[in-house]
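All figures in this text were calculated on a predicted structure; none of them were measured in a lab.
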Amino acid sequence: MLDLFFETSWEVCNKVGGIYAVLSTKAKTLQTQYKDKVIFIGPDFGDNENKFLAEQPTVLDEWRTQAKFPPGMTVKTGRWLVPGKPLAVLVNYTSLYIYKNELYAEMWRRYGVDSLHGYGDYDESCIFAYGAALVIESIVAHKKASRVVAHFDEWTTGMGLLYVKSRLPQVATVFTTHATSIGRSICGNGKPLYDYMAGYNGDQMAQELNMESKHSLEKSAAHEADVFTTVSDVTARECEQLLERRPVVTPNAFEQNYVPRGAKYTATRKAARKRLLDVASAMVGDKMGDDTLLIATSGRCEMRNKGIDLYLDTMNVLRNMPETALSRRIVAFVLVPGWTHEARYDLKDAVEKQMAVGLFNPIITHTIHNEDSDAIYGKMNYLGFRNQQGCQVSVIYVPSYLNGDDGIFNMTYYDLLTGFDLSIFPSYYEPWGYTPLESVAMGVPTITTNLAGFGQWVEKELGSDEMKTGVKVIHRTDSNYDEALSQIVDSVVTVDALKPREHDKLRRAAKATSKQATWDNFMSYYTSAYELALNNAQARNK
């Protein structure tokens, strides 16, 4: 049994990307299992209010009043406003920059971490992680705890793990890489990762791609942790090759509390579908019928890694097919945040009046600052998407975070997701794949790839019959882009031809798959890793 459990991440109470989904959905199961022995640690950016944190009396109050930190460092405590409402500590770390050189020098002497070539977000991540480690050190001393696990997520918290290792040898450390920094960089630079995996040396590639400091920190944290984990078999292979340590695989899951049920689900889907159709009608100038096939992709703007290029090429093929090839109209949305300026006033007015007016430039819902350099907008224009009246396939780019206040949809991403008929996430580099898992949880059938951890898990555990899983897993390699494109086109045509009863069956299959990937089912992987970490810490302290 644990005395204390800490989990540190840049995305605690900070909704940035997929790791937020991992931690916020895992929190309820952890809280149920360990109660208030669970403490999440994240960054405090100095705002007067964090909408994800309820600052209220907790069992941490006594510690906070007695805690002593370096001058200027402050913390906020309360409960993270996610299912389970676990304890959270947010660290205002900006005053710690004066210790940067001393910290980097110590980590170079102890662990060989090369911070000399750090740039961009390296310093900020390391200083936050240092502040988080000071919090762990302080709470452990205050509680006089012995069986303690400190879990650190991604290279951004690696400096904190190394500090804990050096100062608190009794604390068991766990380090998780959700995607190696060098692996992501290899893919992002257009290099083939998988066909040449055995030939890559992580240190050499870090020098070539100017990633020495991040890679050095990540590799050191992976080797110094009592247990090193990652989220899928595909990423485990990557870690073993590039970081030179084989990790324990702890797959990600999803919390069903985020999914509306019964009448609430029906109402949410109806509202989402209406809003999507109203927006499409206003932009294109045609009244979109209820039988319109609504398709989505989402995630970070990584054209190749996330398969956004393949998604857009799919829609380009579909729109150029003979009209008889499709039985209904298709509207494909790209829900990927960009450098948004504001919601379009003409679109907002048309949607409020429920008018199918046909707008100028009907391919984007918000104005953006960088029209000339936005990768998605540029590709859509290159392919010639114009969303003209009567077109069989329309593609609409939504470059805004869907937090419920974007000005056009004014619905959260999860709520809006329920309105779609199909999602497509044809990723090239996807260590796990939260977006397809979120999709099936919301009852939306999905297309993913076998280069995504979730896709691999579905094939391995549930099989490859999409009518039974609600998930179509496309085979992707470094060199079969056209083949993958053809498979996705065929899959969309198949879904388009389904009768309503068949599509309902597919939706039910998707929901059933998501219930196999819950934290209730996957937490055992994590508890085993934590127990192993405690045993390893005990062994090295003899």
Side-chain angles (χ1 to χ4, degrees), residues 8-11 16-19 22 111-115 117-122 125-126 129 151-162 173-225 227-252 299-300 302 304-307 427-434 449-456 476 478 529:
T8 300
S9 171
W10 187 254
E11 298 190 35
V16 177
I19 297 175
V22 177
Y111 305 114
V113 177
D114 174 15
S115 298
H117 300 92
Y119 64 92
D121 56 351
Y122 183 81
S125 298
C126 290
H151 189 168
F152 295 84
D153 290 278
E154 285 293 72
W155 73 265
T156 50
T157 65
M159 197 66 75
L161 183 146
L162 297 177
T173 55
V174 178
F175 179 66
T176 296
T177 182
H178 298 262
T180 69
S181 59
I182 193 62
R184 187 185 295 277
S185 184
I186 288 170
C187 294
N189 280 275
K191 296 178 179 293
L193 177 64
Y194 305 101
D195 289 351
Y196 299 94
M197 179 74 79
Y200 281 122
N201 176 275
D203 298 345
Q204 177 185 343
M205 293 307 299
Q207 289 184 341
E208 179 180 330
L209 299 173
N210 196 23
M211 294 285 291
E212 294 104 317
S213 292
K214 291 180 182 180
H215 172 70
S216 175
L217 175 56
E218 182 176 25
K219 184 177 179 180
S220 295
H223 281 263
E224 295 298 330
V227 170
F228 173 41
T229 77
T230 194
V231 297
S232 65
D233 291 335
V234 67
T235 313
R237 177 189 171 206
E238 176 189 331
C239 291
E240 188 172 20
Q241 182 66 32
L242 300 176
L243 299 180
E244 300 176 23
R245 183 181 179 185
R246 179 73 182 182
V248 174
V249 175
T250 53
N252 288 330
R300 285 191 301 273
E302 297 179 14
R304 183 185 186 222
N305 287 358
K306 297 297 183 183
S427 301
Y428 171 78
Y429 183 77
E430 190 71 76
W432 175 245
Y434 244 97
T449 74
N450 63 342
L451 293 182
F454 176 67
Q456 284 191 342
R476 279 208 74 176
D478 284 311

Is a donor from one side chain sitting under 3.5 angstrom from an acceptor on the other, for [X] and [Y]?
X: S427; Y: T449; result: no
X: H117; Y: N210; result: no
X: S232; Y: T235; result: yes

Donor-acceptor pair, distance only, cut-off 3.5 Å: does the side chain of S220 make one with the backbone of S216? yes
Look at atom OH of Y119 and say whether more than 12 heavy atoms of other residues, nucleotides or ligands are closer to it than 6.0 Å. yes
What are the two closest non-hydrogen atoms of [X] and [Y], and how far apart are they?
X: P247; Y: T230; value: CG-CG2, 3.6 Å
X: Y429; Y: A179; value: OH-CB, 3.5 Å
X: Y194; Y: Y428; value: OH-O, 2.8 Å
X: E154; Y: H178; value: OE1-N, 2.7 Å
X: V174; Y: L161; value: O-CD1, 3.9 Å

Should the ring pair F228 and F175 be called parallel, tilted or perpendicular, given that the plane angle runs from 0 to 90° and is split at 30 and 60?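 Aromatic pair F228/F175 classed parallel.
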Would you call C187 and E302 a side-chain contact if the rule is heavy atoms closer than 4.5 Å?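 They are not in side-chain contact.
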I'd like to know if E430 and R476 make a salt bridge, using a cut-off of under 4.0 Å between side-chain N and carboxylate O. no
